[in-house]
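Remember, it's a predicted structure, so these values are computed and weren't measured experimentally. Counting convention: from 1, in listed order, for ligands and their atoms alike.
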Amino acid sequence: MQVEPIAHIRTCYGEKFGIPRQPGLVEEAWGRIEFTPDYAVQDALRGLEGFSHLWLIFWFHQAAETTWKPTVRPPRLGGNQRVGVFSSRSPFRPNPLGLSVVAIDRIEEVDSGSVIHVKGVDLVDGTPVLDIKPYIPYSDAYPEAESGYVTGIPPKLTVKWMVERPEARLARLIEMTLANDPRPAYQKDSARTYGCMIENVNVSWRANEGEIQITGLEVLDIDRHTIKGN
Ligand code: SAH
C-alpha cells in the first residue's frame, strides 16, 4: 500500500497545543486546503460546490514518529482512565490517520488550482491531507447514536481578556478556541501560564476557577501564520 498527500491544509493553528479536540467545536477555526501539483486538477472537484461539508482523511504527521500503545487516556475521561486505541480518536494509532468533518466555506480558483476554504478544523497548520470526500447526511449522520464514554459536547469555559483585545475576528477565534479548555486533563493548575499559537499570535493564558484569563498576546513576525482567515 502506498499513499501520498493530495493536499496540505493551512490552518489558524500553528502548533498542536490548543487545537480543538474535534472538528466543529470552533466554527471560526479556518483552514485552506491547497492541492499538491499532481492533484491540482479543477475537474477533480467538480460537483463539490453543492455540498456544505466534507470529510478529510489526513496524516497525523506530528504524531507519526510516536509508537502507539493498545490503550490511551482520552481527555474526556479526565486523563486517568484507559480505553482501547480503537475506541478513541487519539492521534497515536498504528496508522496515524485522522478523520474530520469540516464545513465548506468556499472554493477559490487560483493560478495553482483550486483552494477549498473550510471552517471548524481540528488540524495543525501543514497537515498532509490524503483524501477528501463529500459528507452525505443520510448515510453519515446518526443523531441518535450512542457514544459510550463520550457524553455530549464538552462544557465551555468563559474567557476574559486581561490585555487589550485584538480585532474582532481574531479575538473571537481566540475566545472560542480557549473556551474549550485546552489544558491537559491531568493538569488543572491555576498557577500555570499556558501558551498557544493562533494565526500569527502567541496567546498566553491561565485558568482560574473555570474561567480562562488571557494574560498576554505576542504578535509573531512570521509569514507562515499571517495568512488571512476566510
Ligand atoms: N477529528 C480527528 C482528530 C481528533 S484528535 C479524528 O477523530 O481523527 C484532534 C487533535 O489532534 C487536536 O486537538 C490536535 O492536538 C491533534 N492534531 C491535529 N493535527 C495533527 C497532526 N497533523 N499531527 C498530530 N496531531 C494533530
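No side-chain donor-acceptor contact under 3.5 Å links Asp105 to the backbone of Lys119. At least one donor-acceptor pair under 3.5 Å links the side chain of Arg21 to the backbone N or O of Pro182.
Ranking the protein heavy atoms by distance from atom 15 (O) of ligand 1 puts Lys16 O, 3.3 Å first. Of the protein's non-hydrogen atoms, the one nearest atom 14 (C) of ligand 1 is Ile19 CB, 3.9 Å. For atom 3 (C) of ligand 1, the nearest non-hydrogen atom of the protein is Asp122 OD2, 3.3 Å. Closest to atom 8 (O) of ligand 1 among all protein heavy atoms lies Leu99 N, 2.9 Å.
Counting heavy atoms only, Phe60 comes closest to atom 17 (N) of ligand 1 of the residues Phe58, Phe92, Phe60. For atom 22 (N) of ligand 1, the nearest non-hydrogen atom from the set Arg93, Glu15, Gln62, His61 comes from His61.
In this model, no donor atom of one side chain and acceptor atom of the other lie less than 3.5 Å apart for Trp59 and Glu4. In summary, the side chains of Ser114 and Gln42 do not present any donor paired with an acceptor at a separation below 3.5 Å, with no hydrogens or angles considered.
Trp55 and Tyr135 have tilted rings, their planes meeting at an angle from 30° to 60° on a 0 to 90° scale.
Between Ser90 atom OG and Trp68 atom CH2 the span is 11.0 Å, to the nearest 0.5 Å. With rounding to the nearest 0.5 angstrom, the CG atom of Leu56 is 6.5 Å from the OG atom of Ser100.
For ligand 1, the atoms sitting less than 4.0 Å from at least one non-hydrogen atom of Gly98 are 8 (O), numbered in the order shown with element in parentheses. For ligand 1 and Leu123, the ligand atoms under 4.0 Å from any heavy atom of the residue are 18 (C), 19 (N). For ligand 1, the atoms sitting less than 4.0 Å from at least one non-hydrogen atom of Pro91 are 11 (O), numbered in the order shown with element in parentheses. Near Arg89, the atoms of ligand 1 lying under 4.0 angstrom from a non-hydrogen atom of the residue are 4 (C), 5 (S), 6 (C), 7 (O). Of all atoms in ligand 1, listed by their number and element, those nearer than 4.0 Å to a heavy atom of Arg21 are 4 (C), 5 (S), 9 (C), 13 (O). Close approach of ligand 1 to Pro20 is summarised as follows: ligand atoms under 4.0 Å from at least one heavy atom of the residue are 12 (C), 13 (O). Listed by number with element, the atoms of ligand 1 under 4.0 Å from a non-hydrogen atom of Gln22 are 1 (N), 4 (C), 7 (O).
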Check the pair Tyr13, Thr177 against side chain to side chain donor-acceptor pair (under 3.5 Å), reporting the backbone distance first and the verdict last. CA-CA 10 Å; Tyr13 296 120; Thr177 299; 2.7 Å; yes
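The shortest N/O to N/O separation between Val124 and ligand 1 falls below 3.5 Å.
A pairwise comparison of heavy atoms in Ser88 and Val72 identifies OG-CG2, 3.4 Å as the closest pair.
With sequence neighbours excluded, the residues satisfying side-chain hydrogen bond (donor to acceptor under 3.5 Å, both in side chains) with Trp161 are Glu175.
Contact analysis leaves Tyr13 out of contact with ligand 1, as no non-hydrogen atom separation drops below 4.0 angstrom. For Pro128, the closest heavy-atom approach to ligand 1 does not fall below 4.0 Å.
Under the salt bridge (charged side-chain N to carboxylate O under 4.0 Å, His left out) criterion, the residue pairs touching residues 204-217 are Lys160-Glu211, with sequence neighbours excluded.
With a 4.0 Å heavy-atom cut-off, ligand 1 is reached by the side chain of Pro23 but not by its N, CA, C or O. Contact annotation: for Trp59 versus ligand 1, heavy atoms closer than 4.0 Å belong to the backbone alone.
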